[in-house]
Amino acid sequence: MSFTSYMDLALAEAQAAAARGEVPVGAVLIGPGGQVVARAGNRTRELNDPTAHAEILALRAACAAAGSERLPGHDLYVTLEPCPMCAAALSNARIARLYYGAADPKSGGIAQGPRIFSHPQCHHVPEVYDGIGAAPAERLLKDFFAARRG
């Protein structure tokens, strides 16, 4: 079985988020059969909702479509290391695999900071693959914040 990355779709969602003035993070949820189930970019400002991260929006859409709060066998591709809130939601949704691009030393919750999946209270730990499409994700984030400062 060959590996197919869907990070290009997540990057497209991140670019769309940046165009809306949102922090450029994109996420794509892939079903067990390899189909795109949901895709989203950050919408915290647009929706005035601090939980409207790309991962959360994709999870909400996929769970609504599945009619379940759990998504076993699903994979999530996200351009930035999930924050602690998103990491906990991914665990609760029973995501099988998490692929993320850029590391987030400031707000990450997987390899940085609280490392949500390493806590005994974390009842499900997905397989985690980092650095997938990291360079373009990092460039998009750096360009976005540089434009805000300059």
Item to complete: Evaluate the criterion side-chain contact (heavy atoms from CB on, under 4.5 Å) for residue pair Thr44 and Glu22; output intermediate values, then yes/no.
Response: CA-CA 7 Å; Thr44 59; Glu22 300 278 356; 3.3 Å; yes

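Nearest approach of Ile116 to Cys122, heavy atoms of both residues: O-CB, 3.5 Å. Summarising the geometry of Ala52 relative to Leu47, their closest heavy-atom pair is CB-CD1, 4.0 Å, with the distance given to 0.1 Å. Across Leu76 and Leu29, no two heavy atoms sit closer than the pair CD1-CG, 3.7 Å. Counting all heavy atoms, side chain and backbone alike, Val25 lies closest to Glu55 at CG1-OE1, 4.5 Å. Of all non-hydrogen atoms in Ser91 and Phe117, the two that sit nearest each other are CB-CE2, 4.1 Å. The shortest heavy-atom contact between Ala58 and Ala38 is O-CB, 3.4 Å.
Without hydrogens or angle criteria, Gln35 side chain to Gly33 main chain gives a donor-acceptor distance under 3.5 Å. Side chain of Ser107 to main chain of Cys83: no donor-acceptor pair is present (N/O by atom type, distance under 3.5 Å, no hydrogens or angles). Judged by distance alone, the side chain of Glu13 and the main-chain N or O of Val28 form no donor-acceptor pair under 3.5 Å. Formation of a donor-acceptor pair under 3.5 Å by the Glu81 side chain with backbone atoms of Ala111 is found in this model. Between the side chain of His124 and the main chain of Ile95, a donor-acceptor pair closer than 3.5 Å is present. Between the side chain of His53 and the main chain of Pro82, no donor-acceptor pair closer than 3.5 Å is present.
Taking hydrophobic clusters as Ile, Leu, Val, Met, Phe, Trp and Tyr residues chained together by side-chain heavy-atom distances below 4.5 Å, Tyr129 does not share a cluster with Leu80. Taken together through direct or relayed side-chain contacts under 4.5 Å among Ile, Leu, Val, Met, Phe, Trp and Tyr, Leu57 and Leu98 form parts of separate hydrophobic clusters. Note on Met7 and Phe144: separate hydrophobic clusters, where clusters join Ile, Leu, Val, Met, Phe, Trp and Tyr whose side-chain heavy atoms are under 4.5 Å apart, directly or indirectly. Linking Ile, Leu, Val, Met, Phe, Trp and Tyr residues whenever their side-chain heavy atoms come within less than 4.5 Å places Val78 and Leu59 in a single cluster. By the criterion of side-chain heavy atoms lying less than 4.5 angstrom apart, applied directly or through intervening Ile, Leu, Val, Met, Phe, Trp or Tyr residues, Ile132 is grouped together with Val36 in one hydrophobic cluster.
Note that CZ of Arg94 and NE2 of His74 are 14.5 Å apart. Values are rounded to the nearest 0.5 Å. Note that the CD atom of Glu138 and the CG atom of Asp104 stand 10.5 Å from one another [nearest 0.5 Å]. Atoms CG and OG1, on Asp75 and Thr4 in that order, are 10.5 Å from each other to the nearest 0.5 Å. Atoms CZ and CG, from Arg97 and Leu90 in turn, are 13.5 Å apart once rounded to the nearest 0.5 Å.
Under the 4.5 Å side-chain criterion, counting only non-hydrogen atoms from C-beta, Val23 is in contact with Arg45. You'll find the side chain of Cys86 reaches within 4.5 Å of the side chain of Ile56, heavy atoms only. Residues Leu9 and Tyr77 form no side-chain contact, since every pair of their non-hydrogen atoms from C-beta on lies 4.5 Å or further apart. Within the 4.5 Å cutoff, side-chain heavy atoms of Leu140 are placed close to those of Gln15. Taking 4.5 Å as the limit, every side-chain heavy atom of Asp49 sits out of range of all side-chain heavy atoms of Arg43. A heavy-atom distance below 4.5 Å is found between the side chains of Val128 and Tyr100.
Donor-acceptor pairing under 3.5 Å is recorded for the side chains of Arg60 and Thr51.
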